[in-house]
Amino acid sequence: MRALLYEVRQERLCIYDVPISQVVQQIAQFLSLWEDPDLDQAGECILASAELIELKSRRLLPAPVQPAEEEEDPEVTEERLRRQLDEYRRYREAAELLRVMEDERSRYFPRPVPAALPVQVRPLVALPEPAVVSLLAALKRLLESVGEAPSVGIVARERITLRMKMREVWQAVLAAGDRGVPFTKLFSRDGSRVEIVATFLAILELLRLGRIRVHQDRPLAEILVFAWQHGTRDEAEKNHADQHRSTSA
Amino acid sequence: MAQEMKQKRITPINTEAPPLEARRLPDAVEAVLFVSPGPVSLARLAYALGVEEAIAHRAVTELSARYERQKRGLAIVRLADGYQMCTHPDFLDYVIRILETAPARLSRAALETLSIIAYRQPITLPEIEAIRGVDSAGVVRTLLERGLIEEAGRKDTVGRPILYATTEEFLVYFGLKDLSELPSLDQLPKEGSME
């Protein structure tokens, strides 16, 4: 795989001649057969194929053509520009006022949130195996429910970051409190595949940080997601110490 | 047995807390604000003290006045429907020295974008870009990550673009009680030379 990418980069192999779909299919097959996935290696494969796809798509796209400017009455144009500039100027002035307020406010320092309270046991990374497997199964079902992306269409670039998704998930989980949030409800209904994957990664990251926990009554039951601070009684002591930290997030 | 003891220790005790003497209320406010990591709303303050909001308000006002009168190192700051205990700006230089950080500043582009969002919310990215005349996706993402703005649904037009609005963190960051405290756009001078 790496070798293939290297060859293409060195221009020894023409990207047009590389059948991307076949390569990707092979990788997918390879990954699905993997009993005990080595995430590092799998990640590298995926990265390499993504680079191949990008290279190819760049070559295939026609160079952008400058659209001919529509003729406009110069006076109208001037008027429009003038109004636009005027509006922009007012927001810039407002921004200057915000700067003054920022200055004023930043002179007051709040008490820093304690990074960690003493003698506090946070749940460690080790997840019980069934949890991971159930989560992965749930992710698979979600992705299937989205269905295949249309083969022809306009591809919009989505701006989704992990931190955004983590914040969203955390707020949803906090709002639900003791009731917990059903795992599937954390994914927006009209979300794209990218959004689903990002949300899933956000959930894993929050789990890793010990901010949330997942619970499943029995196999195949709905997976519920809780914030650690709303834990059950036997976890309550840890949570008590966590509370100050969590609420500030 | 040990388990039971533990549980007892962490049970919320507000319900059984003895009523405070009126003259100790400001001191209780001080204690509550000290342990709180963020601004405390009047409702939560009243709940913690076990008194009505009007009484809690009087207590926090008294504490704030006391700090000022005694020229203390701390100040009670009112923002985003809450109160927060902060260091007094008179001692900024010393505070910075011990924390070894200067106050964080937003970039000019971020402030400009934020002011457009604040006054025109909810607003979409293309609308922001139309006003600023430059690509603003990166700035908007930064503001989202800092929690100063959030998504507020989608606009019912072609492409259903995401709408953005300011958050409570925005109010806290600029020391505002609510959005009505933003300076009115009409008060800004309308005429003036473009530089």
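Note that these values count all heavy atoms, side chains included, but never hydrogens, waters or copies made by symmetry. A, B, ... follow the sequence lines: proteins, then strands. Residue 1 opens every chain.
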Is the [atom1] atom of [X] crowded by more than 12 outside heavy atoms at less than 6.0 Å?
| X | atom1 | answer |
| --- | --- | --- |
| A/Leu81 | CG | yes |
| B/Arg24 | CZ | no |
| B/Glu52 | CD | no |
| B/Arg97 | CZ | no |
| B/Glu168 | CD | no |

Among [options], which residue has the highest count of heavy-atom pairs closer than 4.5 Å to chain A?
| options | value |
| --- | --- |
| B/Gly175, B/Cys86, B/Gly159, B/Ala130 | B/Cys86 |
| B/Ile116, B/Leu182, B/Val140, B/Ile96 | B/Ile116 |
| B/Ala75, B/Gly147, B/Ala118, B/Pro39 | B/Gly147 |

For this session: Counting only heavy atoms closer than 4.5 Å, note whether A/Arg163 contacts chain B via side chain, backbone, both or neither.
Result: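 Only the side chain of A/Arg163 comes within 4.5 Å of chain B.
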With a 4.5 angstrom heavy-atom cut-off, which part of [X] approaches chain A: side chain, backbone, both or neither?
| X | value |
| --- | --- |
| B/Glu151 | side chain |
| B/Ile162 | neither |
| B/Phe91 | neither |
| B/Gln84 | side chain |
| B/Val172 | both |
| B/Ala110 | neither |
| B/Leu125 | neither |

Exercise. Minimum heavy-atom separation for A/Leu98 to B/Ser115, with atom names?
Worked result: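 Looking at all heavy atoms of both residues, the closest pair is CD1-CB, 3.7 Å.
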Problem set entry | Minimal non-hydrogen separation, B/Leu92 against A/Ser106, with atom names | CD1-O, 4.1 Å
For this session: Rounded to the nearest 0.5 Å, what's the gap from CZ on B/Arg108 to CZ on A/Arg92? Could you check?
Result: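 Answer rounded to 0.5 Å: 5.5 Å.
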Exercise. Got a donor-acceptor contact below 3.5 angstrom from the B/Glu112 side chain to the A/Tyr88 backbone?
Worked result: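 No.
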For this session: Check the side chains of A/Glu102 and B/Tyr173 for a donor-acceptor pair under 3.5 angstrom, ignoring hydrogens and angles.
Result: yes
Does any non-hydrogen side-chain atom of [Y] lie less than 4.5 Å from one of [X]?
| X | Y | answer |
| --- | --- | --- |
| A/Arg99 | B/Arg105 | yes |
| B/Thr113 | A/Tyr91 | no |
| A/Arg167 | B/Glu145 | no |

Exercise. Under 4.0 Å between a Lys/Arg side-chain N and an Asp/Glu carboxylate O for A/Glu87 and B/Arg120?
Worked result: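 Salt bridge between A/Glu87 and B/Arg120, a charged N being under 4.0 Å from a carboxylate O: yes.
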Exercise. Are the charged groups of B/Asp90 and A/Arg107 less than 4.0 angstrom apart, N to O?
Worked result: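 Between A/Arg107 and B/Asp90 there is no salt bridge, as every charged N stays at least 4.0 Å from the carboxylate O atoms.
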Exercise. Passes side-chain contact (heavy atoms from CB on, under 4.5 Å), A/Arg105 versus B/Leu176? Steps please.
Worked result: CA-CA 9 Å; A/Arg105 163 67 179 155; B/Leu176 295 163; over 6 Å; no
